[in-house]
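Scroll down for the structure; my scribbles are underneath it.
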Amino acid sequence: MNSPAHDIQLDSQGKLRHFLSVETLNREILTQILDTAENFAGINDKAIKKVPLLRGKTVANLFFENSTRTRTTFELAAKRLSADVLNVSMSTSSTKKGETLLDTLRNLEAMQCDMFVVRHQDSGAAHFIAQHVAPHINVINAGDGRHAHPTQAMLDMFTIRHYKGDFSKLRVAVVGDIAHSRVARSQLHALRTLGTKEIRVAGPKTLIPSELDHLGVKVYTDFDSALDGVDVVIMLRLQTERMKGALLPSADEYYARYGLTTERLKLAAPDAIVMHPGPTNRGIEIEGLVADGPQSVILQQVTFGIAVRMAVMSLAISSTEISQAQGKFA
Ligand code: NCD
């Protein structure tokens with residue numbers, strides 16, 4: 001694990017400056033994000049959902065890859081913090097005319113942007129950008145390749161804590177295409193750092209990466225055994241766009257073995273919650289009745305995502321403001 005001094009995400013005081021991955025962050029910082037999000041969740045329930053924390057700041061959403069939930073909730077989060085938001089559609093930007101990514105960034109810096117929210121198809125892209133931006137700019141990773149999706153993992157942790165409380169008492173199963181999922185990677189790190197009692201992973205052998213052992217997770221290829229008594233079931237989408245070669249049986253066979261049906265869900269604890277980062281594929285990884293059923297908190301995840309993104313943005317901006325006030329950058 002990186003020491004705080006070497007973690008590019010942290011400033012010299014150990015505060016969050018960029019949010020790129022949960023992997024190197026400690027329990028204190030993850031808990032601070034969850035606690036800060038708790039305050040913002042309260043604001044989001046009010047008639048006037050705005051606070052002035054990012055007034056005068058400009059946030060640029062740089063999405064090189066498609067997204068619905070993540071982009072819109074980042075936009076709402078920034079707006080509820082009173083920031084100005086630029087949605088730069090990278091698929092139609094000048095990087096398509098041969099301009100390098102760094103030139104595009106320099107231009108956005110010249111427009112006095114304060115924060116870049118980056119989604120990119122390549123693992124490490126947000127990290128690369130964080131290494132090259134001007135010192136006053138904060139970078140938030142909104143998903144990079146199959147590497148990390150830290151705000152998704154934190155909104156998932158927020159949802160779990162909201163419904164189930166103390167992580168040290170919980171059995172959590174993460175199910176499906178673990179190998180290609182940046183969400184799963186970030187979730188497993190966050191669950192471990194937050195002290196989850198038991199973390200299970202289930203899916204076909206071809207979709208379970210070999211490096212899971214060091215994360216202290218239990219691996220199951222039999223979904224029914226993995227579900228036995230769990231408090232939280234997190235289903236994942238098959239990331240077919242990232243699969244090379246035949247890693248899967250047919251969709252029907254996958255659903256028969258790994259689909260979360262009403263019948264199967266009975267194997268979990270009676271009050272287990274069902275989660276999914278979206279987009280859901282009904283009839284492939286989850287039955288429609290389960291996705292819409294009383295144990296599903298899939299839409300609540302989306303709502304909490306706004307508060308968690310507000311928390312991450314405000315923590316990052318406040319670390320930069322403190323550095324600026326002190327006349328230094330980390
Ligand atoms: C995920 C993603 O893009 O990584 N979705 C999301 O951000 N809510 C998961 C997925 O695409 O399956």
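Numbers here simply count residues along the sequence, with the first being 1. Counting starts at 1 for both ligands and their atoms, in listed order. Every value quoted in this text rests on a predicted model; they were computed, and no experiment measured them.
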- line: Heavy-atom nearest pair, Arg200 first then Ser225, reads NH1-O, 3.5 Å
Are [X] and [Y] close enough that a side-chain donor and a side-chain acceptor fall under 3.5 Å?
X	Y	answer
Thr73	Arg309	yes
Thr70	Arg119	yes
Glu38	His162	no

message: Could you work out, with ring-ring contact (aromatic ring centres under 6.0 Å, His included) as the rule, every residue matching His147, not counting sequence neighbours?
response: none
Could you pull out every N or O of ligand 1 that sits under 3.5 Å from a protein N or O, with the distance for each pair?
from	atom 1	to	atom 2	distance (Å)
ligand 1	3 (O)	Arg119	NH1	3.2
ligand 1	3 (O)	Arg119	NH2	3.3
ligand 1	3 (O)	Arg182	NH2	2.9
ligand 1	4 (O)	Arg182	NE	2.7
ligand 1	4 (O)	Arg182	NH2	3.3
ligand 1	5 (N)	Gly278	O	2.9
ligand 1	7 (O)	Thr70	OG1	3.0
ligand 1	7 (O)	Arg119	NH2	3.1
ligand 1	7 (O)	His149	NE2	2.7
ligand 1	8 (N)	Gln152	OE1	3.3
ligand 1	8 (N)	Pro277	O	2.9
ligand 1	8 (N)	Gly278	O	3.3
ligand 1	11 (O)	Arg237	NE	3.4
ligand 1	11 (O)	Arg237	NH2	2.9
ligand 1	12 (O)	Arg237	NE	2.7
ligand 1	12 (O)	Arg237	NH2	3.4
ligand 1	12 (O)	Gln239	NE2	2.7

message: With a 3.5 Å distance limit and no angle check, can you tell me whether Asp177 reaches the backbone of His180 through a side-chain donor-acceptor pair?
response: yes
